[in-house]
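What follows is a short report on a single structure.
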Amino acid sequence: SQDQIASDIAEDILSSLPELIEAENVSTKESIDSLTIVLLQETGRFNRLLSTIRSSLRDLQRAIKGLVVMSLELEGLFSALINNRVPVMWARVSYPSLKPLQSWVTDLHNRVAFFRKWATEGPPVSFWLSG
(Lines give C-alpha, C1' and ligand atoms only; values in the text may rest on other atoms or scores of the structure.)
Protein backbone atom coordinates (compact mmCIF):
# COMPACT_ATOMS: atom_id res chain seq x y z
CA SER A 1 0.00 0.00 0.00
CA GLN A 2 1.02 3.63 -0.35
CA ASP A 3 1.22 3.94 3.44
CA GLN A 4 3.80 1.16 3.56
CA ILE A 5 5.76 2.61 0.63
CA ALA A 6 5.91 6.07 2.22
CA SER A 7 6.83 4.58 5.58
CA ASP A 8 9.65 2.55 3.99
CA ILE A 9 10.99 5.59 2.14
CA ALA A 10 10.85 7.65 5.35
CA GLU A 11 12.68 4.90 7.24
CA ASP A 12 15.36 4.63 4.52
CA ILE A 13 15.99 8.38 4.61
CA LEU A 14 15.97 8.51 8.42
CA SER A 15 18.34 5.57 8.79
CA SER A 16 20.95 7.17 6.53
CA LEU A 17 20.40 10.82 7.53
CA PRO A 18 23.66 12.37 8.76
CA GLU A 19 23.92 13.75 12.27
CA LEU A 20 24.12 17.50 12.79
CA ILE A 21 27.41 19.17 11.86
CA GLU A 22 29.47 20.20 14.89
CA ALA A 23 31.17 23.51 14.09
CA GLU A 24 31.39 25.05 17.56
CA ASN A 25 35.15 24.43 17.85
CA VAL A 26 35.66 26.49 14.67
CA SER A 27 33.99 29.58 16.17
CA THR A 28 36.21 29.53 19.28
CA LYS A 29 39.31 30.53 17.34
CA GLU A 30 40.64 33.98 18.19
CA SER A 31 40.44 35.34 14.65
CA ILE A 32 37.42 34.55 12.52
CA ASP A 33 38.05 35.06 8.82
CA SER A 34 35.47 35.29 6.04
CA LEU A 35 35.71 31.57 5.19
CA THR A 36 34.97 30.67 8.81
CA ILE A 37 31.88 32.88 8.69
CA VAL A 38 30.74 31.07 5.53
CA LEU A 39 31.31 27.72 7.24
CA LEU A 40 29.34 28.75 10.33
CA GLN A 41 26.45 30.11 8.27
CA GLU A 42 26.27 27.04 6.03
CA THR A 43 26.53 24.54 8.90
CA GLY A 44 23.70 26.42 10.62
CA ARG A 45 21.56 26.15 7.49
CA PHE A 46 22.31 22.46 6.98
CA ASN A 47 21.67 21.68 10.64
CA ARG A 48 18.28 23.38 10.38
CA LEU A 49 17.52 21.36 7.24
CA LEU A 50 18.62 18.08 8.86
CA SER A 51 16.50 18.82 11.94
CA THR A 52 13.48 19.62 9.76
CA ILE A 53 13.88 16.40 7.77
CA ARG A 54 14.32 14.27 10.87
CA SER A 55 11.35 15.70 12.77
CA SER A 56 9.00 15.72 9.78
CA LEU A 57 9.77 12.11 8.87
CA ARG A 58 9.23 10.99 12.46
CA ASP A 59 5.93 12.89 12.54
CA LEU A 60 4.91 11.28 9.24
CA GLN A 61 5.66 7.81 10.55
CA ARG A 62 3.51 8.49 13.62
CA ALA A 63 0.71 9.87 11.41
CA ILE A 64 0.79 6.78 9.17
CA LYS A 65 0.46 4.62 12.29
CA GLY A 66 -2.49 6.76 13.42
CA LEU A 67 -0.75 8.13 16.51
CA VAL A 68 -1.03 11.78 15.45
CA VAL A 69 -3.32 13.67 13.08
CA MET A 70 -2.19 13.84 9.45
CA SER A 71 -1.82 17.59 8.90
CA LEU A 72 -1.78 19.29 5.50
CA GLU A 73 2.02 19.57 5.68
CA LEU A 74 2.34 15.88 6.48
CA GLU A 75 0.01 15.02 3.60
CA GLY A 76 2.28 17.07 1.33
CA LEU A 77 5.30 15.20 2.68
CA PHE A 78 3.53 11.87 2.14
CA SER A 79 2.65 12.79 -1.44
CA ALA A 80 6.17 14.03 -2.19
CA LEU A 81 7.74 10.80 -0.93
CA ILE A 82 5.39 8.70 -3.05
CA ASN A 83 6.13 10.84 -6.14
CA ASN A 84 9.93 11.00 -5.57
CA ARG A 85 9.92 14.78 -5.11
CA VAL A 86 11.56 16.99 -2.52
CA PRO A 87 8.82 17.97 -0.04
CA VAL A 88 7.88 21.66 0.08
CA MET A 89 8.52 21.78 3.83
CA TRP A 90 12.14 20.73 3.18
CA ALA A 91 12.60 22.94 0.12
CA ARG A 92 11.67 25.99 2.21
CA VAL A 93 14.78 25.53 4.36
CA SER A 94 17.00 23.94 1.72
CA TYR A 95 19.29 24.95 -1.10
CA PRO A 96 17.75 25.33 -4.58
CA SER A 97 17.61 22.06 -6.51
CA LEU A 98 15.59 20.49 -9.29
CA LYS A 99 16.73 16.94 -8.52
CA PRO A 100 14.26 14.15 -7.73
CA LEU A 101 14.11 13.08 -4.09
CA GLN A 102 16.59 10.19 -4.14
CA SER A 103 19.21 12.19 -6.04
CA TRP A 104 18.59 15.16 -3.74
CA VAL A 105 19.16 12.98 -0.66
CA THR A 106 22.44 11.70 -2.11
CA ASP A 107 23.46 15.29 -2.87
CA LEU A 108 22.53 16.31 0.69
CA HIS A 109 24.81 13.58 2.07
CA ASN A 110 27.68 14.83 -0.10
CA ARG A 111 27.17 18.45 0.94
CA VAL A 112 26.97 17.59 4.63
CA ALA A 113 30.14 15.47 4.32
CA PHE A 114 31.91 18.41 2.64
CA PHE A 115 31.04 20.85 5.45
CA ARG A 116 31.75 18.27 8.18
CA LYS A 117 35.22 17.67 6.72
CA TRP A 118 35.79 21.41 6.46
CA ALA A 119 34.75 21.89 10.11
CA THR A 120 37.03 19.12 11.38
CA GLU A 121 40.03 19.25 9.03
CA GLY A 122 40.10 22.87 7.93
CA PRO A 123 39.11 24.60 4.69
CA PRO A 124 39.55 22.79 1.37
CA VAL A 125 42.39 23.70 -0.95
CA SER A 126 39.96 24.88 -3.65
CA PHE A 127 36.27 25.71 -3.94
CA TRP A 128 33.87 25.13 -6.79
CA LEU A 129 32.01 28.32 -7.73
CA SER A 130 28.81 27.92 -9.69
CA GLY A 131 28.03 30.03 -12.69
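- With a 4.5 Å cut-off on side-chain heavy atoms, P87 and L101 count as touching.
- L49 and S94 make their closest contact through CD2-OG, 3.8 Å (heavy atoms, listed as atom of the first residue, atom of the second, distance).
- By the salt bridge (charged side-chain N to carboxylate O under 4.0 Å, His left out) test, R45 is found to be paired with E42, residues two or more places apart in sequence or in another chain being considered.
- Inter-residue side-chain proximity for P123 and L39 is flagged as unmet; no heavy-atom pair is nearer than 4.5 Å.
- For the pair M89 and V93, the tightest heavy-atom approach, listed with the atom from each and the gap, is O-CG2, 4.0 Å.
- With sequence neighbours excluded, the residues satisfying side chain to side chain donor-acceptor pair (under 3.5 Å) with R62 are D59.
- When all heavy atoms of T36 and D33 are compared, the closest pair comes out as OG1-OD1, 2.5 Å.
- L14 and I53 fall within a single hydrophobic cluster, where Ile, Leu, Val, Met, Phe, Trp and Tyr are joined by side-chain heavy atoms under 4.5 Å apart, directly or via other members.
- Evaluation of the salt bridge (charged side-chain N to carboxylate O under 4.0 Å, His left out) test over residues 1-12, restricted to residues two or more places apart or in two chains, returns none.
- Taking the side chain as every heavy atom from C-beta outward, L17 and L108 approach each other to under 4.5 Å.
- Not counting sequence neighbours, the partners of P18 by the side chain to side chain contact (heavy atoms under 4.5 Å, CB included) test are L50, H109, V112, R116.
- Linking Ile, Leu, Val, Met, Phe, Trp and Tyr residues whenever their side-chain heavy atoms come within less than 4.5 Å leaves V88 and L77 in two separate clusters.
- Below 30°, between 30° and 60°, or above 60°: for W118 and F114 the angle between ring planes is above 60°, a perpendicular geometry.
- Partners of R111 by salt bridge (charged side-chain N to carboxylate O under 4.0 Å, His left out), not counting sequence neighbours, listed by chain and number: D107.
- The side-chain heavy atoms of S1 and Q4, taken from C-beta on, include a pair separated by under 4.5 Å.
- Between L57 and L81 there is a side-chain heavy-atom pair separated by less than 4.5 Å.
- Remark: R48 pairs with no residue by the salt bridge (charged side-chain N to carboxylate O under 4.0 Å, His left out) rule, at least two apart or across chains.
- When atom types are taken as modelled, the side chain of N47 and the backbone of I21 share a donor-acceptor pair closer than 3.5 angstrom.
- The line from CD of Q41 to CZ of F115 is 10.5 Å long, rounded to the nearest 0.5 Å.
- Take I82 and apply the side chain to side chain contact (heavy atoms under 4.5 Å, CB included) test, not counting sequence neighbours, and it matches Q2, I5, A6, F78.
- Contacts of S97 classified as side chain to side chain contact (heavy atoms under 4.5 Å, CB included), with partners at least two apart in sequence or in another chain: Y95, K99, W104.
- The shortest side-chain heavy-atom distance between L67 and Q61 does not fall under the 4.5 Å cut-off.
- Listed by first and then second residue, the side-chain hydrogen bond (donor to acceptor under 3.5 Å, both in side chains) pairs that reach into residues 70-79 are E73-R92, S79-N83, sequence neighbours excluded.
- When the side chain to side chain donor-acceptor pair (under 3.5 Å) test is applied to S7, no partner is found at least two apart in sequence or on another chain.
- For W90 and S56, the side-chain atoms include at least one donor-acceptor pair closer than 3.5 Å.
- Here the CZ atom belonging to R58 is positioned 8.5 Å from the OG atom belonging to S55, to the nearest 0.5 angstrom.
- Every residue meeting the side chain to side chain contact (heavy atoms under 4.5 Å, CB included) condition with N110, not counting sequence neighbours, appears here in chain and number order: T106.
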